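Working notes for the structure below.
No experiment lies behind these values; they were computed from the predicted model shown. Index from 1, following the sequence.
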Amino acid sequence: MRIAYQVVGQGSFDLVFVPGFISNLDLQWEDEGYSRLLKRLSTFSRLILFDKRGTGLSDRVDTRHLPSLETRMDDVRAVMDAAGSGRAAILGASEGAPMAMLFAATYPERTRGLVLYGGYAHFHKWVMPPERLEAFIETAETSWGTGATLPNFAPGRVDDMHFAHWWARFERLSASPTAAATLARMNAGIDVRGILPAISAPTLLIHRRNDARIDPEASRFLARKIHGARLVEIAGRDHPIWTGDVDRVADLIEEFLTGQPAVADTERVLAALLVTRIYDTAKLGDRMWSERSQRFQETWRLLVGRHGGRVAGTHGELMISRFDGPARAIRCAAALRGAAQQIGVASAQGVHVGEIEMRGQSVGLTARVTMQLAVHAGRGDILASRLVAELAVGSGLHFVDAGRISLDELGEPLPVVQATSEQHLEPACRPKPRAVESALTARESEVVSLIADGKSNAAIAAELKLSEHTVKRHVANILLKLDLPSRAAAAAFSARHAGPDGP
């Protein structure tokens, strides 16, 4: 039996990564999230990777004589021997976690520490019951290699065409349909509940709160049964360790194994991301749609540059651009919305602020959140996180509250706003001027006085104990009644008409 392995990095200690259901030592480097995780792990360890028997570049197994978990677990020892590793920390992900636990219990003298991501001790109890397993095996035998299993592992990435195509290749190059069904049957026999008290190595458990494949209760059970184990539940629904916020996972592993917090990545900077998507609502023919889409992409590159931004690449139908500040991103989004209307296509855009990689395409948490905002945005909308509005105070931009939306990547719903032009406060037809002394109500006089003090709608709402929506309505009424074009004009009016007790 030949097991394929790979060694990356030159850290002060060895870390053996036991992969999940399927793997491929070559293909894993082609996915941005997977390669990001491996690069992070190899910065502080000598990382030892391998394909389990039956997967990737390793030999297949005899379907008539399935190996026991003990036999498969001993492949970890064989790989460590081949790599010259006497003692190592073991990282077991998903189906790799039971193998990692069995190794730690069997070879405590060779186990420096144990990290279990999305792990479980009993397959049928925490992964899937027998009837669901049979349905999964049927899918594997009939549709393997098409990416049909993606919803079982990462439902949040189903609409990501780039990732979905990679996943289909990942299936094909990691196992044949027969091998995939065999692996599923091998995993169905996993039950290591009896060996948990024998694990003496320091243990860290990581599990996503809404894991789509493995019930979070699985790790809670492990935390109770493994002496001294520490459990950290993180946000997210997609199961593979290389999806979601891989930097958060890597940070937890690094701090646990080294005893030191992860060193800040100097290659990451704070930036505003704008994600733009266009779609065909006029049911144009393929040729006309292709021409308009190409024309918009050319305009997109031009406008991003004009607004001081940089094109950060495309992700399927999504166009990603990066700006040094949120105000530039919003103004560019408004220009792109107008350009889309002129070209004859519909647009929707998302804006968010966070840390991103200085080099390469934007694929981290900030990018994924921004992409989901663009997907949630309606036709012609510019949907932004509330943080964007807070950072753009004083820019002259206007936002209206759009509630909260739940995103797979975040533990709590994200407060969002819609960017609007100032003209939504102006009347379509201005009425004839009215006498100033009878134009405003007492409340409106209070509001215009506070506008003159330079206070924002949020500050006015807090002082008068009103909602921001109510304050915006008062501002709109003030501008309408006084025939004024903007808040600045209202402030000037207040100053001109102020008496001893205010306007």
Side-chain angles (χ1 to χ4, degrees), residues 159-162 271-354 356 361-363 366-389 391-392 395-400 402 405 416-426 428 485-486:
D159 294 329
D160 181 344
M161 290 299 101
H162 179 78
L273 288 188
L274 166 62
V275 173
T276 304
R277 68 183 177 99
I278 58 171
Y279 47 98
D280 179 9
T281 58
K283 301 192 183 302
L284 305 169
D286 289 346
R287 182 176 177 179
M288 185 175 291
W289 165 248
S290 177
E291 290 175 353
R292 293 190 182 183
S293 176
Q294 183 176 356
R295 183 181 167 193
F296 181 82
Q297 289 208 26
E298 293 170 354
T299 303
W300 165 64
R301 294 178 183 276
L302 179 65
L303 289 177
V304 168
R306 281 184 182 174
H307 287 82
R310 277 163 279 187
V311 169
T314 59
H315 197 86
E317 64 176 2
L318 303 175
M319 291 162 269
I320 308 171
S321 48
R322 165 188 162 190
F323 298 83
D324 293 336
R328 289 182 176 181
I330 294 293
R331 290 193 174 99
C332 183
L336 288 169
R337 176 171 56 189
Q341 291 172 345
Q342 291 181 354
I343 292 171
V345 296
S347 69
Q349 302 181 84
V351 184
H352 185 49
V353 174
I356 64 167
Q361 288 197 346
S362 299
V363 296
T366 302
R368 293 193 299 275
V369 169
T370 313
M371 285 188 275
Q372 290 189 57
L373 288 175
V375 170
H376 277 81
R379 180 178 180 177
D381 288 345
I382 302 172
L383 191 64
S385 60
R386 185 179 292 171
L387 177 61
V388 169
L391 293 176
S395 64
L397 297 171
H398 294 268
F399 302 89
V400 294
I405 59 175
V416 293
V417 297
Q418 278 196 32
T420 64
S421 65
E422 187 177 4
Q423 292 178 353
H424 78 286
L425 297 177
E426 299 181 21
S486 65

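- In terms of modelled atom types and a separation under 3.5 Å, the side chain of Arg277 and the main chain of Ala377 share a donor-acceptor contact.
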Inset, instruction - Apply side-chain contact (heavy atoms from CB on, under 4.5 Å) to the pair Leu336 and Leu274, showing each step before the final yes or no. - result: CA-CA 11 Å; Leu336 288 169; Leu274 166 62; 3.9 Å; yes
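- Minimum heavy-atom separation, Ile382 to Ala334: CD1-N, 3.6 Å.
- Residues Leu397 and Ala327 share a closest heavy-atom pair of CD1-CA, 3.7 Å.
- A distance-only check finds no donor-acceptor pair linking the side chain of Arg322 to the backbone of Arg310 [under 3.5 Å].
- Nearest approach of Ala346 to Arg379, heavy atoms of both residues: CB-NE, 3.7 Å.
- Atoms CZ and OG, from Arg331 and Ser395 in turn, are 5.0 Å apart once rounded to the nearest 0.5 Å.
- In this structure, OG on Ser385 lies 6.5 Å from CG on Leu373, to the nearest 0.5 angstrom.
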Only distances under 3.5 Å count here; give the side-chain donor-acceptor pairs of residues 297-305 to other protein atoms, sequence neighbours excluded, each with its distance to 0.1 Å.
unit_1 : atom_1 : unit_2 : atom_2 : d
Thr299 : OG1    : Arg295 : O      : 3.0

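- Within the model, atoms CD1 of Ile320 and OG1 of Thr314 stand 7.5 Å from one another, a figure rounded to the nearest 0.5 Å.
- In this structure, Ile405 and Leu383 approach most closely via the heavy-atom pair CD1-CD2, 4.5 Å.
- His352 contributes atom NE2, which lies 8.5 Å from atom CG of Leu273 (distance to the nearest 0.5 angstrom).
- In this view, Asp160 and Arg157, His162, Phe163, His315 satisfy the side chain to side chain contact (heavy atoms under 4.5 Å, CB included) rule, not counting sequence neighbours.
- One distance of note links CG of Leu318 with CE of Met161; it measures 10.5 Å at 0.5 Å rounding.
- Taking the side chain to side chain contact (heavy atoms under 4.5 Å, CB included) definition, one finds that Ala374 meets it with Val275, sequence neighbours left out.
- Of the possible polar contacts, none joining the Arg337 side chain to the Ser347 backbone as a donor-acceptor pair under 3.5 Å is found.
- Counting all heavy atoms, side chain and backbone alike, Ala329 lies closest to Val351 at CB-CG1, 4.0 Å.
- Between the side chain of Arg292 and the main chain of Gly344, a donor-acceptor pair closer than 3.5 Å is present.
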Inset, instruction - Starting from the C-alpha separation in whole Å, work towards a yes-or-no answer on side-chain contact (heavy atoms from CB on, under 4.5 Å) for Trp289 and Ile278. - result: CA-CA 10 Å; Trp289 165 248; Ile278 58 171; 3.9 Å; yes
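- For the residue pair Gln349 and Ala333, the shortest heavy atom distance occurs at NE2-O, 2.7 Å.
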